[in-house]
Novice: 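Encoded as structure tokens, here's the structure I'll be asking about.
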Amino acid sequence: MTEITNAERYKEQYAHFRSMNDILYKIPPIFTAILGGLWYFAVSNLDKYKWVACAVFLFCAIASVCFINIMQRFRMAFNAYIDNLNKMDGEMKVSIKPSKLPSTIATIQYLLWAAAAISLAGAIYAPLR
């Protein structure tokens, strides 16, 4: 069995990190398309089918919370790669951790909480209309 060198480990870790970074910036448009499409459907059918619109808004709230969970799990894996690369880079590490500003992932999660709140408001409003 051949020994894996630290240089090979580093290259593999960095390749995974780079791939995850690419995915990170593709996730918000996916969430936006899903929630936006469902919101549009719900609002378009608000006059005819109040209870369908209510159910769609409730589903959007649930989906938003699920998306928050997805982002939290993504954050844990992403940060693990950052920590590993920082250890391997030593003094040459490039990292903004810790920062007073929220991370990209935290920002996405805040927006998803807002989407969940708006969805719940829509679910309450729909049957009262």
Side-chain angles (χ1 to χ4, degrees):
M1 194 161 164
T2 61
E3 182 69 26
I4 299 172
T5 67
N6 282 339
E8 291 169 332
R9 281 189 187 98
Y10 181 82
K11 287 178 185 177
E12 190 69 25
Q13 290 277 307
Y14 196 81
H16 286 283
F17 170 76
R18 186 172 38 246
S19 176
M20 287 186 77
N21 195 50
D22 288 342
I23 291 168
L24 174 61
Y25 290 97
K26 292 176 184 171
I27 290 173
I30 293 169
F31 293 164
T32 302
I34 293 168
L35 293 174
L38 289 170
W39 283 347
Y40 180 78
F41 175 81
V43 170
S44 296
N45 290 289
L46 198 54
D47 291 331
K48 292 181 187 177
Y49 307 105
K50 292 179 186 179
W51 293 105
V52 172
C54 179
V56 171
F57 280 126
L58 280 175
F59 178 79
C60 287
I62 293 167
S64 295
V65 173
C66 290
F67 294 158
I68 292 165
N69 182 52
I70 290 167
M71 292 309 300
Q72 186 59 33
R73 292 182 57 80
F74 188 92
R75 168 189 265 175
M76 291 175 358
F78 196 70
N79 283 342
Y81 280 112
I82 291 172
D83 292 341
N84 286 345
L85 290 170
N86 283 344
K87 286 177 194 172
M88 291 179 192
D89 285 339
E91 290 183 23
M92 299 299 290
K93 70 181 176 184
V94 178
S95 182
I96 58 171
K97 288 175 56 175
S99 173
K100 291 181 182 180
L101 296 173
S103 68
T104 301
I105 294 173
T107 302
I108 293 167
Q109 288 176 309
Y110 296 148
L111 291 171
L112 287 167
W113 278 117
I118 292 167
S119 297
L120 285 175
I124 293 166
Y125 173 77
L128 300 176
R129 190 158 179 332

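Side-chain atoms are counted along with the backbone in the values below, which use heavy atoms only and exclude waters and symmetry mates.
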Novice: Name the residue from Ile34, Leu35, Leu120 that meets the side-chain contact (heavy atoms from CB on, under 4.5 Å) definition with Cys60.
Specialist: Leu35
Novice: Crowded around Tyr10 OH? As in, over 12 foreign heavy atoms under 6.0 Å?
Specialist: yes
Novice: Is any side-chain heavy atom of Met71 less than 4.5 Å from a side-chain heavy atom of Leu24?
Specialist: yes
Novice: Judged by modelled atom types alone, do Arg9 and Asn6 share a side-chain donor-acceptor pair under 3.5 Å?
Specialist: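 Yes, side-chain donor-acceptor contact under 3.5 Å.
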Novice: List, by chain and then residue number, the residues other than Ile118 in its hydrophobic cluster (Ile/Leu/Val/Met/Phe/Trp/Tyr, side-chain heavy atoms under 4.5 Å); write none if there are no others.
Specialist: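 Members alongside Ile118: Trp39, Val43, Phe57.
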Novice: Show your working on side-chain contact (heavy atoms from CB on, under 4.5 Å) between Phe59 and Val56 and close with a plain yes or no.
Specialist: CA-CA 5 Å; Phe59 178 79; Val56 171; 5.5 Å; no
Novice: Parallel, tilted or perpendicular for Phe74 and Phe78, by the 30°/60° rule?
Specialist: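 The arrangement is parallel - the two ring planes meet at less than 30°.
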Novice: Would you say that Ile108 contacts Ile68 through its side chain, given a criterion of any heavy-atom pair below 4.5 Å between the two side chains?
Specialist: no
Novice: Quick one: does Ser19's side chain have a donor or acceptor within less than 3.5 Å of a partner on Ala15's backbone?
Specialist: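 Side chain of Ser19 to backbone of Ala15: no pair is present.
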Novice: So do the side chains of Tyr25 and Thr104 get within less than 4.5 Å of each other, counting heavy atoms only?
Specialist: yes
Novice: Do Trp51 and Pro127 touch side chain to side chain, with heavy atoms closer than 4.5 Å?
Specialist: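 A side-chain contact under 4.5 Å exists here.
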Novice: Hey, quick one: are Tyr49 and Ile124 part of the same hydrophobic cluster, counting side-chain heavy atoms closer than 4.5 Å, chains of contacts allowed?
Specialist: no
Novice: Hey, what do you get for OG1 (Thr107) to CD (Gln109), rounding to the nearest 0.5 Å?
Specialist: 9.0 Å
Novice: Below 4.5 Å, heavy atoms only, C-beta onward: do Tyr125 and Leu46 meet side chain to side chain?
Specialist: yes
Novice: Would you indicate whether Tyr14, at its atom OH, is surrounded by more than 12 heavy atoms from other residues, nucleotides or ligands within a distance under 6.0 Å?
Specialist: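 No.
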Novice: Check whether Met20 and Leu85 end up in the same hydrophobic cluster, where Ile, Leu, Val, Met, Phe, Trp and Tyr are linked by side-chain heavy atoms less than 4.5 Å apart.
Specialist: yes
Novice: What is the minimum heavy-atom distance between Ala53 and Ala42, and which atoms define it?
Specialist: CB-O, 3.4 Å
Novice: Can you find a pair of side-chain heavy atoms, one from Ile62 and one from Val65, that are under 4.5 Å apart?
Specialist: no
Novice: For side-chain contact (heavy atoms from CB on, under 4.5 Å), just list the numbers for Val52 and Phe41, CA-CA rounded to whole Å, side-chain angles, deciding distance to a tenth of an Å, and then say yes or no.
Specialist: CA-CA 10 Å; Val52 172; Phe41 175 81; 4.0 Å; yes
